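Notes follow once the structure below has been shown.
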There are 2 protein chains.
Amino acid sequence: MSVEFDQIQLVPGYRKVAAAIAERILSRELPEGERLPPETELARQFGVNRSTVREALRELESGGLLERRPGSKLMTVSRPRHRAIAKDVSRALALHDVTFFEVWEALTQFEPPFAEIAARNRTAADLESLAAACERFAQENADTEKAVHHAAEFFRCVGRATHNQVLALAQEPLLDLLEPSLRVMIDKVPQARSRIMAAQRRILEAMTRRDAEAARGWMARHIRDFRKGYELADIALDCRIA
Amino acid sequence: MSVEFDQIQLVPGYRKVAAAIAERILSRELPEGERLPPETELARQFGVNRSTVREALRELESGGLLERRPGSKLMTVSRPRHRAIAKDVSRALALHDVTFFEVWEALTQFEPPFAEIAARNRTAADLESLAAACERFAQENADTEKAVHHAAEFFRCVGRATHNQVLALAQEPLLDLLEPSLRVMIDKVPQARSRIMAAQRRILEAMTRRDAEAARGWMARHIRDFRKGYELADIALDCRIA
DNA sequence: GTAGCCTGATTGTCGGACAATCATACGATC
DNA sequence: GATCGTATGATTGTCCGACAATCAGGCTAC
């Protein structure tokens with residue numbers, strides 16, 4: 001018979017401190033906006049050195065649970081910003097050698113339903129920001145950098161218009177990856193800009209009429225266009241992004 | 001005329017050091033598995049104190065870019081693990097007061113297409129792990145905790161079977177939120193367990209036959225069942241999860 | 001070949017230190 | 001009265017030096 005022991009794991013102090021503070025935040029004992037005590041005070045309470053507290057704070061800070069309000073010294077509890085979280089996700093995907101195809105396939109699956117839901121749930125304000133994004137792409141698309149950014153921004157507006165945080169957040173990393181994907185393609189396909197513009201207008205129009213079916217359909221074509229773009233630009237879909 | 005100045009921002013040293021190391025990793029100059037120099041050496045190279053380096057390392061560590069191989073002191077470059085990233089995302093969503101409805105709606109949009117793609121791309125190995133997950137749920141569903149975990153695990157297998165990292169990673173945070181959602185419902189609905197079991201079997205069977213259409217359809221019913229569960233358990237869909 | 005021991009390297013933690021910045025209150029000036 | 005300048009204390013960012021615990025590798029004895 002074999003005697004087995006569980007692996008004993010020594011958790012360093014800075015991690016325990018971070019976990020203790022994180023738990024208080026997650027349980028909402030420390031509400032958003034609450035100011036954290038100064039480092040010396042935290043060190044006293046936890047019975048550790050200030051250096052240890054500081055290492056813990058860096059961990060929480062990079063996780064978005066703490067932030068420093070501009071022009072303030074004390075840390076305040078914060079809800080992780082969607083953009084910051086999305087950056088981590090897209091960074092992780094990039095390091096995992098995600099391919100053009102994977103991103104395109106995900107867009108194919110996500111965006112048409114998003115457009116459908118957005119068409120149903122959009123408010124007047126959403127419509128305005130969509131129209132504004134559409135307009136910006138039409139105006140400033142000469143510069144490659146601005147063009148890809150505005151193209152992604154249009155999707156972001158659609159995501160917000162779904163009024164579903166889960167959907168909006170799930171979309172963000174995709175858009176982070178869409179930008180570099182589009183960057184290498186858009187200038188090689190002369191008609192790309194006008195196709196994007198046309199698609200945005202159609203989608204916007206469908207949203208205005210709250211025509212969910214049409215919004216979905218035009219979005220599906222919009223995404224299919226991207227794939228055609230890669231083929232025209234002669235970019236292999238199975239090579240990794242950036 | 002108004003003279004305007006750009007906001008001048010003082011970036012603390014630990015953040016600069018973290019950014020410098022992160023850039024090297026992102027550019028793949030430091031490949032995965034590469035061992036980072038010891039802290040004293042890094043301090044010497046950057047011309048800062050070891051404490052400053054340590055704060056930077058904590059930041060990178062919590063972002064998943066660095067990790068310590070078990071039983072080793074030196075940090076090694078690592079690709080952020082999907083699970084770790086997903087934890088951050090679901091934590092963020094929880095803090096943003098995400099509701100049952102939002103999670104359910106996202107599942108409704110994501111899972112049926114995932115099942116369809118998985119049915120097409122699944123390998124024999126995927127099929128095995130799906131069958132195993134199915135079996136585990138059937139065997140160990142008396143304990144609430146195990147039941148919800150195994151239910152989520154089945155979805156995870158479907159996600160992996162798509163062979164698309166973007167889809168698999170996008171699904172993870174959803175499953176983190178599915179668990180607490182299911183936890184409060186499953187014991188209030190007597191038929192929940194048998195319904196889940198039946199759905200899993202149908203989906204598994206469709207995958208075995210590579211019948212994408214059927215896989216999608218059964219998955220759609222599976223998700224619809226969840227909603228019915230909430231209604232039967234008398235849980236308001238617009239209240240936030242845990 | 002394995003177990004034990006030694007040595008150097010490295011991390012985790014500590015204590016103390018100081019300049020720069022922020023918050024606040026108090027006067028001085030217009 | 002409003003604005004400015006200054007003084008004061010609190011807080012962070014950074015540094016230095018220190019030490020125990022742990023890890024890696026080599027050496028020895030059996």
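Just so you know, these numbers use all the heavy atoms, side chains as well, and skip hydrogens, waters and symmetry mates. Proteins come first, then strands; the chains are lettered A, B, ... in the order of their sequence lines, and each starts at number 1. Quantities reported herein were computed from a predicted structural model and do not represent experimental measurements.
Per the geometry, CZ belonging to R54(B) stands 15 Å off P belonging to dC15(D), to the nearest Å. The CD-P distance, from E41(B) to dA9(C), rounds to 13 Å in whole Å. In this structure, E39(A) atom CD and dG16(C) atom P are separated by 17 Å, rounded to whole Å. Look at CG on N49(A): it is 9 Å from P on dG16(C), rounded to the nearest Å. Taking atom CG of residue L74(B) and atom C1' of nucleotide dT22(D), one finds them 13 Å apart after rounding to whole Å. In this entry the distance linking CZ of R35(B) with C1' of dT10(C) reads 12 Å, nearest Å. Distance, E55(A) CD to dT14(D) P: 14 Å, rounded to whole Å. Per the geometry, CG belonging to L57(A) stands 14 Å off P belonging to dT11(D), to the nearest Å.
Looking at E41(A), E55(A), E39(A) one by one, the single match for side-chain hydrogen bond (donor to acceptor under 3.5 Å, both in side chains) with R50(A) turns out to be E39(A). Of the candidates L74(B), I25(B), L57(B), L36(B) forms a side chain to side chain contact (heavy atoms under 4.5 Å, CB included) with just one, namely L57(B).
In this structure, T52(A) does not reach the dG12(C) phosphate: none of its side-chain N or O atoms is under 4.0 Å from OP1 or OP2.
Among the protein residues, R69(A) comes within range of no part of the nucleic acid, since none of its heavy atoms lies under 4.0 Å from any strand. The residue R68(B) sits close only to the backbone: its heavy atoms come under 4.0 Å of sugar-phosphate atoms, none of a base.
Rounding to the nearest 0.5 Å places CD of E128(A) at 9.5 Å from CG of D126(A).
Closest contact between the side chain of Y14(B) and the listed nucleotides dG13(D), dT11(C), dT11(D) involves dG13(D).
With DNA chain C read from its 5' end, the first of the two nearest nucleotides for M75(B) and S51(B) is the one closest to M75(B).
In summary, the aromatic rings of Y230(B) and F100(B) are positioned with their centroids under 6.0 Å apart.
Not a single donor-acceptor pair, N or O on each side, falls under 3.5 Å between the base of dG16(C) and the side chain of R50(A).
Taking the six-membered ring where the residue is Trp, F110(B) and F114(B) present parallel rings, their angle staying beneath 30° rather than reaching 60°.
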